[in-house]
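Comments concern the structure below.
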Amino acid sequence: MGVLAGSIPWFTMMIVHKRSKLLQNIDDTLGVFHTHAVAGFVGGLSTGLFAEPTLCSLFLPVTNSRGGFYGNPGGVQFLKQIVGALFIAGWNIAVTTIICLAIKSVIPLRMPEEQLIIGDDAVHGEEAYALWGDGEKYDSTRHGGWYSDDTQHRQAPSGVTLDV
């Protein structure tokens with residue numbers, strides 16, 4: 001379950017997201033959809049498959065409560081997990097929409113186009129998910145070759161990790 005709940009969200013964030021036109025239109029800088037929605041859905045479905053009957057009876061005294069891999073009627077637990085995941089997804093969509101509409105009435109939810117062209121990482125002066133281990137800044141003198149594009153990446157002065 002851990003391998004699935006870790007590798008499938010990573011795959012959707014690093015591969016599927018970059019190839020999907022629909023996902024490219026959604027501002028998800030931190031990968032919240034992948035790390036929470038996809039991982040939660042995978043975890044819930046795998047629970048519906050691997051739920052051990054004796055452990056299920058300790059938490060929920062419902063007869064024949066078992067995962068799909070533990071025989072008949074295991075598919076019922078898997079179906080319950082799907083219904084639960086769909087309910088949570090619907091609830092999140094409704095409540096998040098209400099929250100975003102309330103925030104939008106006070107401040108804009110999106111950066112101006114000229115800042116988006118520069119890139120939100122560059123505007124904030126930070127790198128999300130920095131893999132090189134030197135904080136939030138990219139240092140081309142220490143980590144040459146990490147970027148595959150020809151973009152010029154601004155360097156912080158020596159000893160500064162966050163340029164405000």
Rounded to the nearest 0.5 Å, the NZ atom of K18 sits from the OG1 atom of T12 at a distance of 10.5 Å
Quiz prompt | Flag, side chain of Q81 to backbone of G44, donor-acceptor distance under 3.5 Å | solution = yes
Do you reckon W91 sits in the same ILVMFWY cluster as V83, going by side-chain contacts under 4.5 Å, direct or chained? no
TODO: Measure the shortest side-chain to side-chain distance between H17 and Q24 over non-hydrogen atoms and say whether it is less than 4.5 angstrom.
DONE: yes
| Is the closest side-chain heavy-atom distance between H34 and V16 below 4.5 Å? | no
Tightest non-hydrogen contact, residues L109 and C100, listed as CD1-O, 3.6 Å
In this structure, OH of Y70 is separated from OG1 of T54 (nearest 0.5 Å) by 8.5 Å
To the nearest 0.5 Å, atom CE of M1 lies from atom OG1 of T47 at 3.5 Å
### Query
Does T96 use its side chain to pair, donor to acceptor, with the backbone of I93 at less than 3.5 Å?
no
Shortest non-hydrogen pair, G31 vs M13, comes out as CA-SD, 3.9 Å
Report yes or no: do V106 and I99 belong to one cluster of Ile/Leu/Val/Met/Phe/Trp/Tyr joined by side chain heavy-atom distances under 4.5 Å?
yes
CD1 of I8 to CG of L45, rounded to nearest 0.5 Å, is 9.5 Å
Rounding to 0.5 Å, atoms CZ (F41) and CD1 (I88) come to a distance of 12.5 Å
Separation between NE2 (H36) and CG (D28), nearest 0.5 Å, reads 9.5 Å
- Do I82 and F50 share a hydrophobic cluster, counting only Ile, Leu, Val, Met, Phe, Trp and Tyr and linking them when any side-chain heavy atoms are less than 4.5 Å apart? yes
* Asked: Does L23 share a hydrophobic cluster with M14, counting links as ILVMFWY side-chain heavy atoms below 4.5 Å and allowing steps through other members?
  -> yes
Does the side chain of I26 reach to within under 4.5 Å of the side chain of F33, using non-hydrogen atoms?
no
Shortest non-hydrogen pair, P9 vs L4, comes out as CD-O, 3.6 Å
